[in-house]
Number of protein chains: 2
Amino acid sequence: MLATDHEEAGNTVSESWRSFGEQRLSAPLAAALACFVEQGYHGTTIRRIAERAGLSVPGLYHHYPSKQALLEGLVMTVMHELLDHTRRAAAEAGDDPGRRFDNIVECLLRFHMHRRDQAFVASTEIRGMDPGVRGAYIALRDEQQRMVDDTVREGVDRGAFATPYPRDAGRAVTTMCVAVSSWYRPDGELSPDEVVEHYLALCRATVGAR
Amino acid sequence: MLATDHEEAGNTVSESWRSFGEQRLSAPLAAALACFVEQGYHGTTIRRIAERAGLSVPGLYHHYPSKQALLEGLVMTVMHELLDHTRRAAAEAGDDPGRRFDNIVECLLRFHMHRRDQAFVASTEIRGMDPGVRGAYIALRDEQQRMVDDTVREGVDRGAFATPYPRDAGRAVTTMCVAVSSWYRPDGELSPDEVVEHYLALCRATVGAR
DNA sequence: ACACCGACCGAGCGATCGCTCGGTCAGGGA
DNA sequence: TCCCTGACCGAGCGATCGCTCGGTCGGTGT
């Protein structure tokens with residue numbers, strides 16, 4: 001599939017959609033992420049971000065032109081990463097809607113555990129985005145939602161799923177998976193594999209998988 | 001002051017848990033609610049709330065001592081209302097966990113449609129609450145969650161539900177219902193009764209109701 | 001040797017924040 | 001009549017906001 005990839009700065013481009021490498025955020029982005037998670041976008045000051053990044057305020061502005069640009073950097077990066085992984089998860093499943101549903105849901109779940117903070121900020125800070133950023137984010141989010149919806153509908157059409165409400169079921173499944181970023185903790189009682197096992201079963205039940 | 005707020009938005013005790021009276025919020029609370037929904041707590045200024053309420057800034061402070069008190073008034077009122085309705089919905093169902101589950105879920109769904117804005121603010125503005133308010137809110141939210149969890153577990157114990165993961169199923173069901181407040185619109189394509197019909201079926205499927 | 005450049009910062013800009021001081025004014029009880 | 005009370009507001013407080021000006025400094029190319 002990807003033949004000539006070479007390792008680059010310790011990161012391999014051709015990794016499986018199931019695995020998410022360590023996040024390599026710049027110091028300002030990492031600091032902004034931690035602040036936004038704790039206080040929200042409007043509740044965070046540029047001075048606090050700079051302090052957390054080990055920079056002065058002008059030093060921070062040397063790398064990013066505005067507070068909004070920090071939010072944009074976090075949100076856009078993580079949404080493209082999600083879509084990239086989900087597309088590969090769907091492609092790997094081939095034509096069977098049941099298998100595709102399983103792969104997409106597993107991908108959504110693993111993403112919202114491995115990229116918990118960024119996913120949390122993206123989904124809760126929509127009101128903090130300027131119109132341009134918000135529009136771009138919503139377009140990506142809708143594209144992600146459509147992949148789930150199409151798979152559920154196709155599964156119902158082909159008799160793999162039994163739910164009488166495919167549209168609502170698709171939204172419910174996405175909601176469940178996105179919410180993982182608001183309660184999952186690496187030191188919690190469920191491991192990532194267990195979360196996938198449990199929630200994949202729940203999502204299958206929700207769409208009436210036979 | 002806050003005790004008065006609770007009564008202000010309260011409904012007559014004799015009406016059914018299924019019906020929610022028209023919201024009776026004071027002008028400042030109604031203005032704060034609209035602002036918080038649109039811009040979030042930290043993104044809203046006291047001047048904007050006052051303007052929307054048809055008051056000057058000191059006029060606003062004559063009725064509420066702080067911006068935080070407005071948030072507290074909105075969140076506490078609506079959570080007490082939810083718990084009150086849910087308790088009556090559960091009591092009416094008697095001893096059968098299947099019926100109790102149906103009633104609680106229907107109550108959750110109707111609440112998140114009729115009190116959409118307040119429920120949305122309560123669930124998305126936790127980071128804007130001062131520690132005291134946050135603690136009180138979370139205690140009420142956990143109590144609500146426990147009613148769902150206990151019912152699911154009892155349903156599994158008594159053979160009414162088949163899910164192997166009652167705890168996760170309870171969280172998933174609550175998540176689905178709470179999320180209604182973030183997409184439901186009175187002029188949308190689904191009426192409240194249709195939303196109840198669809199999502200009750202999805203929630204039953206999620207817990208594996210037989 | 002020296003010009004240049006990216007990385008960074010002390011100080012502070014104008015705007016706006018939550019909140020308050022010191023009132024005005026209509027209506028009601030004695 | 002007279003003053004009390006609750007409802008309200010013009011003006012503005014000190015603090016803090018996002019952001020910028022005018023630099024310093026160490027490394028690099030020539």
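Every chain is numbered from 1 and lettered A, B, ... according to where its sequence line falls, protein lines coming before strand lines. Since the structure is predicted, the reported quantities are computational estimates derived from the model, not experimental observations.
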Nucleotide [N], atom [atom2] - distance to [atom1] of [X] in whole Å:
X: His42(B); N: dG18(C); atom1: NE2; atom2: C1'; value: 13 Å
X: Leu55(B); N: dT24(C); atom1: CG; atom2: C1'; value: 16 Å
X: Lys67(A); N: dA15(C); atom1: NZ; atom2: P; value: 19 Å
X: Glu51(B); N: dT16(C); atom1: CD; atom2: C1'; value: 15 Å
X: Tyr64(B); N: dC19(C); atom1: OH; atom2: P; value: 15 Å
X: Arg47(B); N: dA11(D); atom1: CZ; atom2: P; value: 14 Å
X: Ile49(A); N: dG18(D); atom1: CD1; atom2: P; value: 8 Å
X: Tyr61(A); N: dC8(C); atom1: OH; atom2: C1'; value: 15 Å

Check this for me: does any side-chain nitrogen of one of [X] and [Y] sit under 4.0 Å from a carboxylate oxygen of the other?
X: Glu15(A); Y: Arg88(A); answer: no
X: Glu143(B); Y: Arg146(B); answer: no
X: Arg171(A); Y: Asp168(A); answer: yes

Next on the checklist: Counting only heavy atoms not in Arg167(A) (residues, nucleotides, ligands), do more than 12 fall under 6.0 Å from its CZ?
Outcome noted: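 No, the 6.0 Å shell around CZ holds no more than 12 heavy atoms from other groups.
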Next on the checklist: With a 4.0 Å limit, can you tell me whether His63(A) has a side-chain N or O closer than that to the phosphate oxygens OP1/OP2 of dC8(C)?
Outcome noted: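 Result: yes.
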Checklist entry - Where each residue is assigned the nucleotide of DNA chain C containing its nearest heavy atom, which of His62(A) and Pro58(A) is assigned the position nearer the 5′ end? => result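 Whichever sits nearer the 5' end wins; that is His62(A).
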Checklist entry - Using the ring of each side chain (for Trp, its six-membered ring), is Phe20(A) parallel, tilted or perpendicular to His85(A), with breaks at 30° and 60°? => result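 Ring orientation of Phe20(A) relative to His85(A): parallel.
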Checklist entry - Please walk me through it: do Phe36(B) and Ile49(B) pass side-chain contact (heavy atoms from CB on, under 4.5 Å)? => result CA-CA 9 Å; Phe36(B) 292 164; Ile49(B) 297 174; 4.1 Å; yes
Next on the checklist: Tell me which residues in residues 127-135 of chain B lie within less than 4.0 Å of DNA chain D, going by non-hydrogen atoms.
Outcome noted: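 Within this stretch, nothing sits under 4.0 Å of the strand.
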Checklist entry - Taking Tyr41(A) as the fixed residue, which of Met129(A), Glu125(A), Arg127(A) is the one that meets the side chain to side chain contact (heavy atoms under 4.5 Å, CB included) rule? => result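 Of Met129(A), Glu125(A), Arg127(A), side chain to side chain contact (heavy atoms under 4.5 Å, CB included) with Tyr41(A) is met by Glu125(A) alone.
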Checklist entry - Of all the choices, dA7(C), dT20(C), dC17(C), which nucleotide is nearest to the side chain of Thr45(B) once you look at every atom? => result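 Nearest nucleotide to the side chain: dC17(C).
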